[in-house]
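Have a look at the structure below, then the notes.
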4 protein chains.
Amino acid sequence: MSDNVADDVRGRAREAIRRSGLSQRQFAARLGIDPTKLSKSLTGTRRFTALELAGIADETGVTVNWLLNGRDDAETVSAAPRDSSAVRPPPASLADHPGAAREHNRKLQIIEAAWTLIAEHGYHSVRVAQVARACGTSSATVHYHFPTLEHLLVEALRHSVKQAFDRQVAGLHTVGDPYERLLRLIELQLPGSDRLRLEWSIWLQVWTAAALNPEMRELHAASYRRWHETIARTLREGKESGVFGDFDVEEMTRRLTALIDGLGIQVMTGMPGRSVDHMRDTLRSVIDRDVLGH
Amino acid sequence: MSDNVADDVRGRAREAIRRSGLSQRQFAARLGIDPTKLSKSLTGTRRFTALELAGIADETGVTVNWLLNGRDDAETVSAAPRDSSAVRPPPASLADHPGAAREHNRKLQIIEAAWTLIAEHGYHSVRVAQVARACGTSSATVHYHFPTLEHLLVEALRHSVKQAFDRQVAGLHTVGDPYERLLRLIELQLPGSDRLRLEWSIWLQVWTAAALNPEMRELHAASYRRWHETIARTLREGKESGVFGDFDVEEMTRRLTALIDGLGIQVMTGMPGRSVDHMRDTLRSVIDRDVLGH
Amino acid sequence: MSDNVADDVRGRAREAIRRSGLSQRQFAARLGIDPTKLSKSLTGTRRFTALELAGIADETGVTVNWLLNGRDDAETVSAAPRDSSAVRPPPASLADHPGAAREHNRKLQIIEAAWTLIAEHGYHSVRVAQVARACGTSSATVHYHFPTLEHLLVEALRHSVKQAFDRQVAGLHTVGDPYERLLRLIELQLPGSDRLRLEWSIWLQVWTAAALNPEMRELHAASYRRWHETIARTLREGKESGVFGDFDVEEMTRRLTALIDGLGIQVMTGMPGRSVDHMRDTLRSVIDRDVLGH
Amino acid sequence: MSDNVADDVRGRAREAIRRSGLSQRQFAARLGIDPTKLSKSLTGTRRFTALELAGIADETGVTVNWLLNGRDDAETVSAAPRDSSAVRPPPASLADHPGAAREHNRKLQIIEAAWTLIAEHGYHSVRVAQVARACGTSSATVHYHFPTLEHLLVEALRHSVKQAFDRQVAGLHTVGDPYERLLRLIELQLPGSDRLRLEWSIWLQVWTAAALNPEMRELHAASYRRWHETIARTLREGKESGVFGDFDVEEMTRRLTALIDGLGIQVMTGMPGRSVDHMRDTLRSVIDRDVLGH
DNA sequence: TATGAATGAGGATTCATTCAT
DNA sequence: AATGAATGAATCCTCATTCAT
């Protein structure tokens, strides 16, 4: 990746932070990183970590894809969103008039509180008052930003999708080798951390919702397609570059994603003998045998 | 299978039907089969089909395992329930005073109505009034039989487990060859029919519930263990008899169940390119390659 | 009116009271009359007053028309309802199983509380909790009987119509002379008593609602037609019998009703110089001049 | 009416338009008339029509009475307002610093939006946000101009009264003959046009409000008195000049206003057989018979 | 002058559950 | 065994109003 590209990333990051209306110091605090590090990264002395990229995207409402490539729809390691409905409006539109950043943040805060509550207690157990309390505000305020609880919850689900995507783009864009990338991809998806367990919780719920409600299938399909494509692209690259064996990429993708989902369920439901480590081992062994062809 | 065994099955079937308080004619009608066929099966001229066995178990409140083996905890093709909480009370206890059958039936009717509603609309969307309406009765009546909505719903989930198990026992007890049995097992689990799609819907919901709520893990674990054991037993038999290749049975079971679950999700959520046929093909190909060792 | 007719009225009154599930003593108490008087009227020693007839109709859910004529749709002094939607179900259907009377009464109680509140505070200011409080019950109970506040309010309006009609039939059925009947009719409609002021309040509101909302026109039209017909019938009889002068009955009806309404508004809005007495005088003078032709 | 008077009208019109801060061209556009016509009327070549007078009054916040007579309280064809509360502040006060006109206009715009919404949806259904939307502004802005929704609504009602009065003064000031004026008066009040139907809708609502709420009676009485006086004055003039027959003016006024109101209700509630034409015919026939004495 | 954000005070409705019959 | 009536306890949503900017 050339220096020019890195330059651009810095420029866009600076731009996004500027639009947020926060100072660098404040912004660093919000990301939970050292202000010096942020400063260095913005001037070019230091690279952004994947986590920082995802954080900047999250806080400013842009995508990591845009930070890295200047476009939301760039197809790199992962599939771009097929339609705009699945992601937030393009970055240029927000801010420019004061207050927009604040507004965006309050909205984001509510969405994230809702997201966490869904993940922890389940979609149907989330109460408006709970979300409000988690944000230190009132139910009416939640309704000021979202017409309906359902709107909020769906928005929270969308947000979840965006976040997972951002995390992948941020975490994978520097990994060139397909095999490494595949392992990294899996590592990024394993329900190991609290955060990732919450994301898996959301996934399970989206599956259930999609099975019951045709309307939810759309949301599910849009996000699942990305995940599918991220895997498929890597498999294809590995196959074409000869790193991987010969196989039907689509079919292998279906098997791998199914296996990941199925193992994830076993971990999430606390089945005896199914741990994250076991999940990792199983997937590696399957990849080594069926993908690499060893 | 010797005639003696068949004799016993007939005897227990006759016994169970007698306890139901219905005439053979009525009972046949309820099963949706020809009275003549039922009569022949009960006198020995004809064998019960798997469907009929499951139906008799369902209607009379006994397990297929009991019908076939005289005991609920017989370990045959599948694992027996580890504790009594996972299944209905033993068959001997019910019905001895008149009306018990009717009561049992009303209760069963409510459970099945609840079950269907859960499967169709989702656990959290089931209302007592809805269940009552589906049964042509009142909310108060539902509460007469079940102290709490939650009790009813959990009971409905248990019922689901029992049914799946019965279906497996009934469908597999005649299949001797491990490979055939494995394929049959998968066939019995594919979300092909309406009924099975409903059962899958329930599964997805139980997974979600178990991921969110530790209490639900118990129910999930109990039923999943059976399913796991049913697969494992077959794999073990095939491995020991040399029909299958050499592999770690537990690990292979984990992989297979994970794959089945993952593929099931893809079908249930209506992912493009994931059909029941694709699911069957994928599983067969994996079995042929990894289990048979071809 | 022959004794036979009076016999029948007594019979039907006895029947209606019997169905209410209350004893004669209780019923008399509810009507607010002396039990002895009720008893005498039921045995034929005494005639029912108009007020009593209306009360019996109100409490038992039948119409005065039915009490007097055995049919709801009898056309006597007033027009019968054109469609069943405007009145309560036929008398035979209710009661017969115990509790029906009680239920009917609770429902009626709620309707009347709502009616009074509408009349006093206005349709849009009536709160479910208010109605509940007025009935000494809970909001949930109100909703048990009426799905929606709006349903309740519309029902209350219908009830108002029925009551006015009952009062007219009860008050006019003995008055044979058209002129006397016309004066009586007006007297029955004058906003003199508290009760009648409340009824006028409701009328004003129905007019407003009908002007704003096409759906309300139906309700208004149904009830206004009766009122119109009650006047028209009397005018027609008077004209045909030569008591009145010669005029276009329909046109005169329109003028009279319009004048009554307009004068009623002036009284109700407390215009200086517009009292009930003035209203009576004006109407009498118009009738004497334009209807009698003096 | 002498030229001097006409001169004065022109002068005051010019004055009022000047204060509005708009150019003649702009003002004409706002009135929806040809700028040439406005110009001619302002220079004396042409007379203002009644519509134009009312429009000028409306747009500039003065009364037609002031335009015609230089005083708000001139008693001409109609009664003057008894207290200042019933009309806008005197014209001299407003506009002197730039922007006052604009402010006045924004306020007027809000009032008229509120007025229309009341007329169309009913007093109790008007929401601040609705008014704001209709004005292309925000709820907060509405509250900047009016402390309370109720204040705004009451203001809108006052505005309604002023408008009706203006229209009458403008429409009647040239009609000398009492009979003609009476017919004209009725014509001006018939719910024939959209605008007039809206005004009637407001009337009905004011009646209802006045019947329910003593506070509203004041507003109602003030405006009704004018209407009463407008009729009474004309009747008196006609009686004194011998054009009309002999009658009690007050009593005849009461009857006529009551009849108009009652007929208006019948039209507004969409009663079958009650049209605007029927209303006109009925009123003419009553006037011919009872007022003219034919 | 204008307004985006926020919110307190309702207010209708839902629904599991109880209980007398 | 069954149920009609009743209700407490949520819970979502509305909306006028405030206030900092």
Side-chain angles (χ1 to χ4, degrees), chain A residues 97-100 102-107 110 125-132 135-152, chain B residues 99-100 102-103 105-107 125-132 135-153, chain C residues 97-100 102-103 105-107 110 125-132 135-152, chain D residues 99-100 102-103 106-107 125-132 135-153:
Chain A
H97 68 283
R102 210 192 345 279
E103 172 181 7
H104 177 69
N105 276 299
R106 174 46 69 102
K107 219 168 166 171
I110 293 172
S125 305
V126 177
R127 301 286 163 255
V128 174
Q130 250 177 341
V131 176
C135 297
T137 184
S138 67
S139 293
T141 299
V142 173
H143 274 101
Y144 174 75
H145 291 283
F146 300 90
T148 276
L149 175 57
E150 206 188 325
H151 278 86
L152 167 57
Chain B
R102 207 189 351 273
E103 172 181 7
N105 275 300
R106 175 43 72 99
K107 220 168 164 171
S125 304
V126 177
R127 303 284 164 255
V128 174
Q130 244 177 344
V131 177
C135 296
T137 183
S138 68
S139 292
T141 299
V142 172
H143 273 98
Y144 174 77
H145 290 285
F146 300 89
T148 274
L149 174 59
E150 208 189 322
H151 277 87
L152 166 57
L153 296 183
Chain C
H97 67 283
R102 209 191 346 277
E103 173 182 7
N105 275 301
R106 173 46 69 103
K107 216 166 166 174
I110 293 172
S125 305
V126 177
R127 302 285 163 258
V128 174
Q130 250 177 343
V131 177
C135 296
T137 184
S138 67
S139 293
T141 299
V142 173
H143 275 99
Y144 174 75
H145 291 283
F146 301 90
T148 276
L149 175 57
E150 207 188 322
H151 277 88
L152 166 57
Chain D
R102 207 188 352 270
E103 172 180 8
R106 174 44 70 98
K107 221 170 162 168
S125 304
V126 177
R127 303 284 163 256
V128 174
Q130 244 178 345
V131 177
C135 296
T137 184
S138 67
S139 293
T141 299
V142 172
H143 273 97
Y144 174 78
H145 291 284
F146 300 89
T148 275
L149 174 59
E150 207 188 321
H151 278 86
L152 166 57
L153 296 182

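Every chain is numbered from 1, with letters handed out A, B, ... down the list of sequences.
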(request) Kindly compute the distance separating CZ (C:R127) from CG (C:L149), expressed to the nearest 0.5 Å. (result) 8.0 Å
(request) Provide, to the nearest angstrom, the distance between the CD1 atom belonging to A:I110 and the C1' atom belonging to E:dA5. (result) 11 Å
(request) Return no unless some side-chain N or O of A:Y144 is found under 4.0 Å from OP1 or OP2 of E:dA6. (result) no
(message) Applying a 3.5 angstrom cut-off to the pairing atoms, does DNA chain E sit in any stems of at least three consecutive Watson-Crick or G-U pairs? List them by first number.
(response) E:2-21 with F:2-21
(request) Just compare E:dT3, F:dG4, F:dG8 and give me whichever is closest to any side-chain atom of D:T137. (result) E:dT3
(request) Could you tell me which residues satisfy side chain to side chain donor-acceptor pair (under 3.5 Å) with A:S138, sequence neighbours excluded, listed by chain and number? (result) A:T141
(message) Looking at every non-hydrogen atom in both residues, tell me the closest pair between D:S139 and D:A129 and how far apart they are.
(response) OG-CA, 3.5 Å
(request) Measure from CG on C:L152 to C1' on E:dT13 and round the result to the nearest Å. (result) 14 Å
(request) Kindly say if D:T141 contacts the phosphate of E:dT3, meaning a side-chain N or O under 4.0 Å from OP1 or OP2. (result) yes
(request) Look up atom NE2 in D:H151 and atom NE2 in D:H145, then write down how far apart they are to the nearest 0.5 Å. (result) 15.5 Å
(request) Summarise protein proximity over nucleotides 9-14 of chain F in one line of letters, 5' to 3': B for base, S for sugar-phosphate only, - for none, counting protein heavy atoms closer than 4.0 Å. (result) --SSBB
(message) In whole Å, I'd like the distance from the NE2 atom of C:H145 to the C1' atom of E:dT13.
(response) 16 Å
(request) Measure the CD-SG distance between A:Q130 and A:C135 for me, rounded to the nearest 0.5 Å. (result) 11.5 Å
